[in-house]
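Below is one structure, written out as structure tokens, with a few remarks after it.
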Amino acid sequence: MPSITVEPCTFALFGALGDLALRKLFPALYQLDGAGLLHDDTRILALAREAGTEQQHLAHIEKELRSYVGKELDETIAQRFLARLTYVHVDFKNADDYVALAEKVGSEQRLIAYFATPAAVYGAICENLAKAGLAENTRVVLEKPIGSDLESSRKVNDAVAQFFPENRTYRIDHYLGKETVQNLIALRFANSLFETQWNQNYISHVEITVAEQVGIEGRWGYFDKAGQLRDMIQNHLLQLLCLIAMDPPADLSADSIRDEKVKVLKALAPISPEGLTTQVVRGQYIAGYSAGKPVPGYLEEENSNTQSDTETFVALRADIRNWRWAGVPFYLRTGKRMPQKLSQIVIHFKEPSHYIFAPEQRLQISNKLIIRLQPDEGISLRVMTKEQGLDKGMQLRSGPLQLNFSDTYRSARIPDAYERLLLEVMRGNQNLFVRKDEIEAAWKWCDQLIAGWKKSGDAPKPYAAGSWGPMSSIALITRDGRSWYGDI
Ligand code: BG6
């Protein structure tokens, strides 16, 4: 039996027939039900504006649920879960439709309104919920992207804030729900071993790589307006950077953690015009191979236009201007159509201050802490030991002290990020959600980069699908006398 109690709620999912809802949200709710983490009285309202009958839409949701949950689907849980579902036709901008919605919602339990819709309608949904008397006590959940720059994100946030206070607004960054990201907080703040070393005296640099093997997957229309900087760096990679770089919070409360993250974002050094060529690399994939099969370039993808200069890859060096991190670069790298799916953080510790081993071994001397988010979630600390054997003298070797979550805790399934996030919304815990000032500070930093790119007019550098990005992304780090870990 779960040790957590969750209050009953009415979970209203706007955009219930969209890709995110079908692929991630319904399966996550199903898993919560299976884990005994949905209250018996919790109901789910699937809201969409598509024509068709309730029966047709519910059948479609069920079919997709079965396909996304796959073989592990349990029939008893599935039946219990499907019985919670009601479909309601709502044109998000039409206030009249919310009157019917209000009747379905009732007043007995808390409403959670999840917006899996374009951010452009968040304001209208909030206003209509309020007009229909559905705003009081309601929690709203906003999906990314919230805007495409500081100004547009402010507009969205302000429109929502007219009706919902910050303490009932939950902004999703699904990376914050990933198991290993959670573990970062435990690793850093439950082990004095690391925290005492966690600064510029002991750490030389940090790498954050979020590589995807997939290309654009039919999302060209959205992606081409965004690009990899807005789609991945502005949110996921900067959030990871914050969790690595933040000072210890006073406690685990949402605001203590978020206060510390905001400080990091505000301390990020803007990238200078010269830095745009030495510190940042934009790339766009051209045709190549993925998993041994030929794949088209970005400009040849379905529904593409052949002129786009949107980046599908970014590598950059970020510097944090504070006492803890002065002189410690954070190298960030993310791209589509990389050789494999890999999200990992590598903390490189400095060399010992006095070196006594054979000079040719010097290169490998430095401890590394590798935090693997996906796949094979785990943490590994590379330490130097001596090669075994009489004939080896003092020959060193680097080996891992390893904690592999999927092996170590084999019985436990690693939950999807959305399961944790939905559970935390139901529990009213904002820890894993992004506050308005965080989003704005992240946009501010990204905006100056985007403006610099626009001004320079430089096209992104081509890289072959299935490679680790343009050659200049290697030069970016070798210029500082380093290389990407495992390069990988
Ligand atoms: C999303 C981006 O936020 O994250 C996608 O919009 C990207 O472009 C996805 O593919 C990656 O998430 P994950 O969990 O698969 O690493």
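Just so you know, ligand 1 is whichever comes first in the structure, and atom 1 is the first atom listed for that ligand. For reference, positions follow the sequence shown, starting with 1.
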For this session: Name the closest protein heavy atom to atom 11 (C) of ligand 1, giving the residue it belongs to and the distance to 0.1 Å.
Result: Glu212 OE1, 3.8 Å
Problem set entry | Lys261-Gln239 side chain donor-acceptor pair, cut-off 3.5 Å | yes
For this session: May I ask you to decide whether Arg188 forms a salt bridge with Glu195, counting only side-chain N to carboxylate O separations under 4.0 Å?
Result: yes
Problem set entry | Residues Asp149 and Ser152: side-chain donor-acceptor under 3.5 angstrom | yes
For this session: Record the part of Phe223 in heavy-atom contact with ligand 1 below 4.0 Å; permitted values are side chain, backbone, both and neither.
Result: neither
Exercise. What class does the angle between the rings of Phe11 and Tyr114 fall in, given that below 30° is parallel, 30 to 60° is tilted and above 60° is perpendicular?
Worked result: tilted
Problem set entry | Test item: Trp445 side-chain N/O and Ala269 main-chain N/O as donor-acceptor pair under 3.5 Å | yes
For this session: Please determine if Tyr222 has a nitrogen or oxygen closer than 3.5 Å to a nitrogen or oxygen of ligand 1.
Result: no
Seminar exercise, completed: Residue, atom and distance of the protein heavy atom nearest atom 6 (O) of ligand 1 read Asp231 OD1, 2.7 Å
Exercise. Any idea how Tyr122 and Phe115 line up, ring-wise: parallel (<30°), tilted (30 to 60°), or perpendicular (>60°)?
Worked result: tilted
For this session: Check each atom of ligand 1 against the heavy atoms of His236 and keep those under 4.0 Å away; list them by number with element.
Result: 1 (C), 3 (O), 4 (O)
Exercise. Can you tell me if Gln374 has a non-hydrogen atom under 4.0 Å from ligand 1?
Worked result: yes
Problem set entry | Contact (N/O only, under 3.5 Å) between Ser343 and ligand 1 | no
For this session: Among all protein heavy atoms, pick the one closest to atom 12 (O) of ligand 1 and tell me residue, atom and distance.
Result: His174 NE2, 3.1 Å
Problem set entry | For atom 15 (O) of ligand 1, closest protein heavy-atom neighbour | Lys341 NZ, 2.7 Å
Exercise. Which atoms of ligand 1 have any heavy atom of Lys144 under 4.0 Å away?
Worked result: 1 (C), 2 (C), 3 (O), 6 (O)
